[in-house]
Novice: 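One structure coming up, written as structure tokens, with questions to follow.
Indexing begins at 1, ligand by ligand and atom by atom, following the structure's order.
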Amino acid sequence: MPAPDLETIVSLAKRRGFVFPSAEIYGGFANTYDYGPLGVELKRNIREAWWKSMVRDRDDVVGIDAALITNPNVWVASGHVANFTDPLVDCRKCQMRFRLDHLEEGAYGEVRRNAAGQVVCPNDGGELTEPRMFNMMFKTQVGPVADETAVAYLPPETAQGMFVNFENVVTSMRRKLPFGIAQARTSFRNEITPGKFIFRTLEFEQMEMEFFCKPGTDLEWYRYWVDERLRWYTEVVGIDPSRLRLREHAKEELSHYSAGTTDIEYLFPWGWGELEGVADRTDYDLKAHSAQSGHPISYFDEESGEHLVPYVVEPAAGLSRTLAVVLLDVYTEEPDEKGDSRVVLKFRPNIAPIKVAVLPLSKNEKLRPLARRVYDLVRPKWMTQYDETQSIGRRYRRQDEIGTPFCVTVDFDSLEDDAVTIRERDSQEQLRVPIGGLVAALNERLDC
Ligand code: GAP
């Protein structure tokens with residue numbers, strides 16, 4: 001089945017409590033969204049899956065949680081103060097403002113050109129001003145006086161927290177190369193291009209890992225992490241491999257710090273777009289922080305008996321963007337048990353926001369006590385919903401539409417045989433199990 005269009009997902013996300021436009025009662029706010037009760041669970045599950053694969057299941061990566069607002073010299077050293085800029089142009093007719101690079105990529109719709117071949121305003125064909133460079137970091141002020149010495153920045157990436165803590169981690173955790181430091185946290189960018197739902201937002205969560213290795217081994221690790229991260233999307237998150245591809249950056253496209261970058265791209269409804277970048281950042285960042293801070297950062301290599309500056313390979317993923325991809329990827333329309341159409345979000349169980357729904361066959365005083373007992377049995381182990389409103393068929397549809405892998409139905413026979421029916425979301429198969437064996441039966445099937 002082809003991927004759904006974006007409007008279908010935006011509408012389902014709002015209707016079912018995944019993602020809401022932010023401050024909607026005030027008319028919203030550009031490129032800003034709020035996560036609803038199911039969205040926050042989904043986001044947690046993706047973050048947990050990443051943390052498990054990148055930190056808990058490995059011996060060579062540790063996690064940190066660095067401050068958001070920190071010494072502004074960090075952003076001078078990283079190059080963001082000088083280089084994190086994009087070209088902005090204004091339409092001389094309608095005064096609308098655009099990012100020239102996004103305009104040229106078609107982010108505002110069809111690219112329009114004048115007779116001389118120059119890009120013009122996508123709205124009214126108006127001539128554009130010369131590009132002006134615009135820094136995408138949000139500035140804030142620390143303390144009561146708003147002068148230049150009080151300037152601080154909201155972080156545009158999580159990576160720098162790992163570089164400035166490199167020595168702390170080596171010393172406190174007795175780490176030897178190669179090893180990584182991981183962090184999943186909010187980043188901020190002053191994006192002016194319309195963001196296509198949560199694909200591009202002002203604030204978003206990133207899941208980044210800096211893998212420190214000996215110079216000369218970086219290329220090998222770079223290839224390893226490209227493969228490993230692609231495997232994570234397909235095997236752990238369950239993304240359709242035919243909608244993923246790798247794209248290596250051309251030399252002129254590389255960021256100021258990168259000796260090589262490969263994007264993991266997803267086939268969005270508007271075409272291929274970046275989901276994660278894996279970059280060989282060389283020793284750029286550690287050297288830059290050494291120079292800016294006056295505190296030389298190095299690593300003592302016991303094997304050679306020499307101090308060296310490690311190279312770094314960075315897999316940098318967007319959590320919010322992965323959430324958008326998951327919603328697009330799992331959306332399915334197909335016939336239900338009765339041959340009517342149903343919408344199903346086919347999440348892998350580890351990612352699904354709600355794992356089990358307990359549904360008494362009908363809203364009935366006789367069924368309720370047993371149904372509540374079943375609910376109390378299941379909910380300590382998995383995120384579970386209890387629902388007794390409307391017909392059972394409608395409740396199955398509702399659970400399908402939010403991607404709940406299993407429904408447990410309590411019917412009038414349950415009062416006699418102390419058994420319930422498990423209905424599996426994708427096959428719609430039903431299985432009768434004794435209540436005493438319910439948790440074990442779900443455990444076997446959910447495996448999370
Ligand atoms: N430390 C390297 C770095 O930040 P990046 O390619 O700029 O690299 C990494 O960002 C990932 O963060 C992207 O692949 C994307 O998934 C996500 N991302 C970047 N800007 C974003 C935005 N404005 N909204 C949502 N996600 C974003």
Novice: For a quick check under 3.5 Å, do D263 and H249 share a side-chain donor-acceptor pair by atom type?
Specialist: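 Distance-only check passes for D263 and H249.
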Novice: With the threshold set at 4.0 Å, does a side-chain nitrogen-carboxylate oxygen contact exist between R44 and E48?
Specialist: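 Between E48 and R44 there is no salt bridge, as every charged N stays at least 4.0 Å from the carboxylate O atoms.
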Novice: Which bit of R281 is near ligand 1, meaning a heavy atom under 4.0 Å away: side chain, backbone, both or neither?
Specialist: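 The side chain, only.
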Novice: Nearest protein heavy atom to atom 7 (O) of ligand 1, by residue and atom, and its distance?
Specialist: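 The answer is R189 NH1, 2.8 Å.
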Novice: Establish, from distance only, whether the side-chain atoms of E220 and T217 form a donor-acceptor pair under 3.5 Å.
Specialist: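 No, no side-chain donor-acceptor contact under 3.5 Å.
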Novice: Only heavy atoms of E208, strictly under 4.0 Å: list the atoms of ligand 1 that pass.
Specialist: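 Counting from 1, the qualifying ligand atoms are 1 (N), 2 (C), 3 (C), 4 (O).
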Novice: Counting each atom of ligand 1 from 1 as listed, which ones have a heavy atom of E191 under 4.0 Å away?
Specialist: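 The list of qualifying atoms is 22 (C), 23 (N).
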Novice: Return the closest protein heavy atom for atom 26 (N) of ligand 1 as residue, atom name and distance.
Specialist: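 Here the closest protein heavy atom is F204 CD1, 3.5 Å.
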Novice: Cation-pi between R132 and F134: NZ/CZ under 6.0 Å from ring centre and within 45° of the ring axis?
Specialist: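 Negative - R132 is either too far from the ring of F134 or too far off its axis.
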Novice: With atoms numbered from 1 as shown, which atoms in ligand 1 lie under 4.0 angstrom from a non-hydrogen atom of Y257?
Specialist: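 Under 4.0 Å from Y257, ligand 1 has these atoms: 2 (C).
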Novice: Under the side-chain contact (heavy atoms from CB on, under 4.5 Å) criterion, do R425 and Q428 qualify, and how do the steps go?
Specialist: CA-CA 5 Å; R425 179 195 63 203; Q428 301 175 72; over 6 Å; no
Novice: Looking only at protein heavy atoms, which one is nearest to atom 17 (C) of ligand 1, and how far off is it?
Specialist: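 Its nearest protein heavy-atom neighbour is G318 CA, 3.7 Å.
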Novice: Mark up the atoms of ligand 1 that fall under 4.0 Å of a heavy atom belonging to E157, in ascending order.
Specialist: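 Per the distance check, 1 (N), 2 (C), 3 (C), 4 (O).
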Novice: Give the residue and atom name of whichever protein heavy atom lies nearest to atom 24 (N) of ligand 1, and the separation in Å to one decimal.
Specialist: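 The answer is T201 N, 3.0 Å.
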Novice: Checking contacts here: is it the side chain or the backbone of Y266 that comes within 4.0 Å of ligand 1, counting heavy atoms only? Could be both or neither.
Specialist: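 None of Y266 does.
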Novice: Which ligand 1 atoms are under 4.0 Å away from a heavy-atom of E314?
Specialist: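 With E314 as reference, the close atoms of ligand 1 come out as 1 (N), 2 (C).
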Novice: Give the residue and atom name of whichever protein heavy atom lies nearest to atom 13 (C) of ligand 1, and the separation in Å to one decimal.
Specialist: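 Closest protein heavy atom to atom 13 (C) of ligand 1: E274 OE2, 3.3 Å.
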Novice: Going by distance alone, is a donor N or O of one side chain under 3.5 Å from an acceptor N or O of the other, for T158 and Q206?
Specialist: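 Judged by distance alone, the side chains do not pair up.
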Novice: A316 heavy atoms, cut-off 4.0 Å: which ligand 1 atoms fall inside?
Specialist: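 Reading through ligand 1 atom by atom, the close ones are 2 (C), 9 (C), 11 (C), 14 (O).
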Novice: Is the cationic atom of R281 (NZ for Lys, CZ for Arg) positioned less than 6.0 Å from the six-membered ring centroid of Y311 and within 45 degrees of its normal?
Specialist: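 No, R281 does not sit over the ring of Y311.
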Novice: Is the closest heavy atom of F188 to ligand 1 under 4.0 Å?
Specialist: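 Judged by the 4.0 Å heavy-atom criterion, F188 does not count as contacting ligand 1.
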Novice: Please answer whether the main-chain N or O of I264 pairs with a side-chain N or O of R245 as donor and acceptor at a distance below 3.5 Å.
Specialist: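 Between the backbone of I264 and the side chain of R245 there is no qualifying donor-acceptor contact (under 3.5 Å).
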Novice: Looking at D400 and R423, is there a salt bridge between them, counting it only when a charged N and a carboxylate O are closer than 4.0 Å?
Specialist: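 Yes, R423 and D400 are salt-bridged.
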Novice: Should the pair K139 and Y153 be classed as cation-pi, given the thresholds of under 6.0 Å to the six-membered ring centre and 45° from the axis?
Specialist: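 No, K139 does not sit over the ring of Y153.
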Novice: Given M136, E205, Q206, which has its nearest heavy atom closest to atom 10 (O) of ligand 1?
Specialist: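 Comparing heavy atoms across M136, E205, Q206, the nearest one to atom 10 (O) of ligand 1 lies in Q206.
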Novice: Both conditions, 6.0 Å and 45 degrees, for the charged tip of R47 above the ring of W50: are they met here?
Specialist: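 Verdict for W50: no cation-pi partner in R47.
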Novice: Note the single closest protein heavy atom to atom 16 (O) of ligand 1, along with its residue, its atom name and the distance in Å.
Specialist: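 Nearest protein contact, heavy atoms only, for atom 16 (O) of ligand 1 is L275 O, 2.9 Å.
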Novice: Among protein heavy atoms, which sits nearest to atom 25 (C) of ligand 1, and what does the distance come to when rounded to 0.1 Å?
Specialist: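 Minimum-distance protein heavy atom for atom 25 (C) of ligand 1 reads F199 O, 3.2 Å.
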